[in-house]
Amino acid sequence: MQKSTLRPRLEPALQVRIHDLMVKTRCVEERMIKMNRDGEGFFWIGAPGEEAFGVPLGLQVKKGQGPDFDYLHLHYRSSPIIMAMGGTMLDSLRQMGMRATDRYSAGRNFTNHYAIPEWNVAPMAPTIETQYLIAPGTGWVQRRHGGDGITIVNGGDAGTAEGDFASCLIWSTRPGKELPMLIIVVNNKFGISTSHATQHGVRNIADRGIPHGMQTKVINGNDVFESWAAIDEAMRYVRTERRPYLLEAHVSRLNGHSSSSGANRVDEIDCILEFEKQLLADKVRTDAEIKATWERWRDEANACVKQLRTEPFPEASDIWKWTFHDDADNTLAKAGGD
Amino acid sequence: MANMAQAIRMALAYGEKHLGVTDVFGEDVGPPLGGVFTATQGLRTSWNSPLDERGIIGMAYGIAVAGGKPVAEIQFCDYIFNTIDLLKLVGNAHWGSAGKFNLPLVVMTPVGAGIHGSIYHSHSFDSIMTHIPGWKVVMPCTPIDAYGLMIAALKDTNPVMFMKPKALLRTKGDERIPGEPEDEKVLKDMIDAPLGDRTNWKPRWPELTDYTVPIGKAKIVREGTHVTCVTYGRHVHWAKAAADTLANEGISVELIDLRTLYPYDFDAIKTSVRKTRRVVFLNEDTAVTNFGEHLLRRTTEELFYELDAPPRLLSGKNVPGVGLAPVLEDASVPQIADIEKMLRETATVPA
Ligand SMILES: Cc1ncc(C[n+]2csc(CCOP(=O)(O)OP(=O)(O)O)c2C)c(N)n1
Ligand SMILES: [Mg+2]
């Protein structure tokens, strides 16, 4: 793995903002884990350990709707990206709490499964790797459209074993039809219980882009500075060259795979603690400020849970809703009998 | 009593020892986890595959071609859909090669709702799977049947799809597996992997013996005279509960657990329907082109003049997925109250 030697300059105000968003993300995830333990939500899966990579990514997204803006095809460890883009704790917690007010799925989907048309965040599914097949579609439209909007797709390391990942490499590099895509693999070295090293013979996953003529890079995604710089470089390339870039970020998986494996904290590098050490050393933040940041977001998370508890669950008849577009009274949905 | 996951594990251990099983594999199937439902813990031939369902089915096909006896797992049937063409290939290998190749392989996969699995851990697979000729398709509803059907599947010289009702994998039965120790704590000590470090752990399998639930044979779970209910998987238990309630109203339900979806036991259905003259088919897959619709068609064609009431199907709703919120799940797949209602209606509609 290439080690960065340069520590790019990030304005102190930006560092503070990044830290704030990292803490916000961690707090919302920890609150969801608690909801799961308290029986207020059935299943948790999320991103503790991916904040140093995801927040810099989310902050650099060209956010908006339509091909002039970036499209995002995400997996279930993308809360840092969404929080950095402006996602609210309340919306995430509502999905965890299966409320009718859950703006992403109205109580239908697992938590951290977004669908945000205003920000070009495509509907997310728990099917590993399918997003890598869908992403070339938005990339294709953007290629035709021009401008500097790009398509961003992310997923885990184990998932790259699916043929879908190879399809993504093929479809994004057809000669003369290259696609403006930032293809990301977030490598936490595990798929559930299976270690990456036992299943994959490639040295780096990013190397798989090389025979396709792709720019590639492997980074330490636990490092905010390195992540910021790598994402900046990759995005500039994709925005201007209109060709794909394959970026592999090594990160921690701080609470195991999901609530199915207990969601207990494991002993891996915590990117927030690492970042805080630097903030303190560089005198960007004080101990007291850091503590206040955590407190503020913990309080906010608790307030959100209080709020959502007052909100309704979906109703039985809601199952028919949105089966078809333009079917307000669910006639088409029930065409096969109800 | 063993739970269903333990029963499957014991059947596979029996298969490794006595029936030539060479590979039990799939995502997280090998150590340390031994399957997301622990159904493959401690097995001698188990191993972890890459996260690649098409690769898994292809590998099983290849192992079978080369004389092995594979048991492949797809972690959830929700993730089997990308393998349909390979399942088709498995199903037509014998037929298409004019009998030159047979594929003695087993694929197992958890199916159905009932664990708050939301859109992608609640799918059913009965309708699509029975639509792929060349496969035998089974689904147990008790640990003992899981044991016996798995052993039957392992002995079979054809591909067998072993569907595991995921809501039942951790439930116990009331019949002991042949060889199972009396005390379930003893069993647990012998065959459940410990928490924490498992590197040096090895199971001690009980002296397991052969026990086969023949593929193609349904089971009459409850005899009755007024209406027949044909189902499988976890809905057997719910239909039983509904039948118990209806018994108090004087309605006598005959309950058939199909156990094999293909080749299914139409004789058992026929015999029962000839007696009760009324029938409800029950499953939780989506309604349109549902496997139960096929059974309805045969019932209508072959027993039309012997029926006193329209034969009915109670299935899942025809919606794209099962939602996470309990109210959504309950409204999407048949509940005990729905079963009661349809059985009552069917039993009492004037002839
Ligand atoms: C197609 C498919 N197969 C299997 C699963 C079950 N599953 C959920 S997460 C997971 C492991 C994913 O590992 P990786 O791609 O490394 O992502 P990570 O969870 O480590 O971020 C598996 C096997 C799934 N969701 N989708
Ligand atoms: Mg991983």
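Chain naming here is simple, since letters A, B, ... match the order of the sequence lines and numbering starts at 1 in each. From a predicted model like this one, the values you see are computed outputs, not experimental measurements.
- Enclosure of atom CH2 in B:W238 by more than 12 non-hydrogen atoms of other residues, nucleotides or ligands within 6.0 angstrom is indicated.
- Smallest separation of non-hydrogen atoms from A:I319 and B:S332: CG2-OG, 3.5 Å.
- Of the atoms belonging to A:A333, it is backbone heavy atoms, and not side-chain ones, that fall under 4.5 Å from chain B.
- Minimum heavy-atom separation, A:D338 to B:K317: O-CE, 3.2 Å.
- One distance of note links CG of B:D28 with OG of A:S261; it measures 10.0 Å at 0.5 Å rounding.
- Heavy atoms of A:E129 lying under 4.5 Å from chain B are absent altogether.
- Ring planes of A:F42 and B:H116: parallel class, angle under 30° (limits at 30 and 60°).
- A:E311 CD: more than 12 foreign heavy atoms inside a 6.0 Å radius.
- Put simply, the side chain of A:S193 never gets that close to the backbone of B:P31: no donor and acceptor are under 3.5 Å apart.
- Distance check: A:E162 CD to B:D52 CG gives 5.5 Å after rounding to the nearest 0.5 Å.
- If you measure heavy-atom distances from B:Q75 to chain A, the contacts under 4.5 Å come from the side chain alone.
- The two residues A:D318 and B:L328 come nearest to each other via the heavy atoms CB-CD2, 4.2 Å.
- Annotation: side chain of B:H121 is in contact with side chain of A:F110 (closest heavy-atom distance under 4.5 Å).
- More than 12 heavy atoms of other residues, nucleotides or ligands shown are found within 6.0 angstrom of NZ on A:K189.
- Between the B:E27 side chain and the A:T194 main chain, no donor and acceptor come within less than 3.5 Å of each other.
- More than 12 heavy atoms of other residues, nucleotides or ligands shown are found within 6.0 angstrom of CE on A:M35.
- Only the side chain of B:N82 comes within contact range of chain A, with heavy atoms under 4.5 Å apart.
- Contacts between B:S49 and chain A at a heavy-atom distance below 4.5 Å involve the backbone alone (N, CA, C, O).
- Ranked by heavy-atom pairs under 4.5 Å with chain B, the first of A:W320, A:W322, A:F43 is A:W320.
- Taking A:G337, A:P126, A:A316 one by one and counting their heavy-atom pairs under 4.5 Å with chain B, the maximum is reached by A:P126.
- The line from CE of A:M124 to OH of B:Y120 is 13.5 Å long, rounded to the nearest 0.5 Å.
- Atom CG of A:D267 has 12 or fewer neighbouring heavy atoms from other residues, nucleotides or ligands inside a 6.0 Å radius.
- With a threshold of 4.5 angstrom between heavy atoms, A:T198 does not approach chain B through any atom at all.
- Counting heavy-atom pairs closer than 4.5 Å to chain A, the top-ranked of the candidates B:P320, B:G321, B:A287, B:S118 is B:S118.
- In this structure, NE2 in A:H200 is found 7.5 Å from CG in B:L51, a value given to the nearest 0.5 Å.
- Using a 4.5 Å cut-off between heavy atoms, A:D102 does not touch chain B at all.
- Heavy-atom distances place the backbone of A:A106, and not its side chain, under 4.5 Å from chain B.
- Taken from CG in B:N318 to OG1 in A:T323, the straight-line distance is 8.5 Å, to the nearest 0.5 Å.
- In the displayed structure, B:K172 atom NZ is contacted under 6.0 Å by at most 12 heavy atoms of other residues, nucleotides or ligands.
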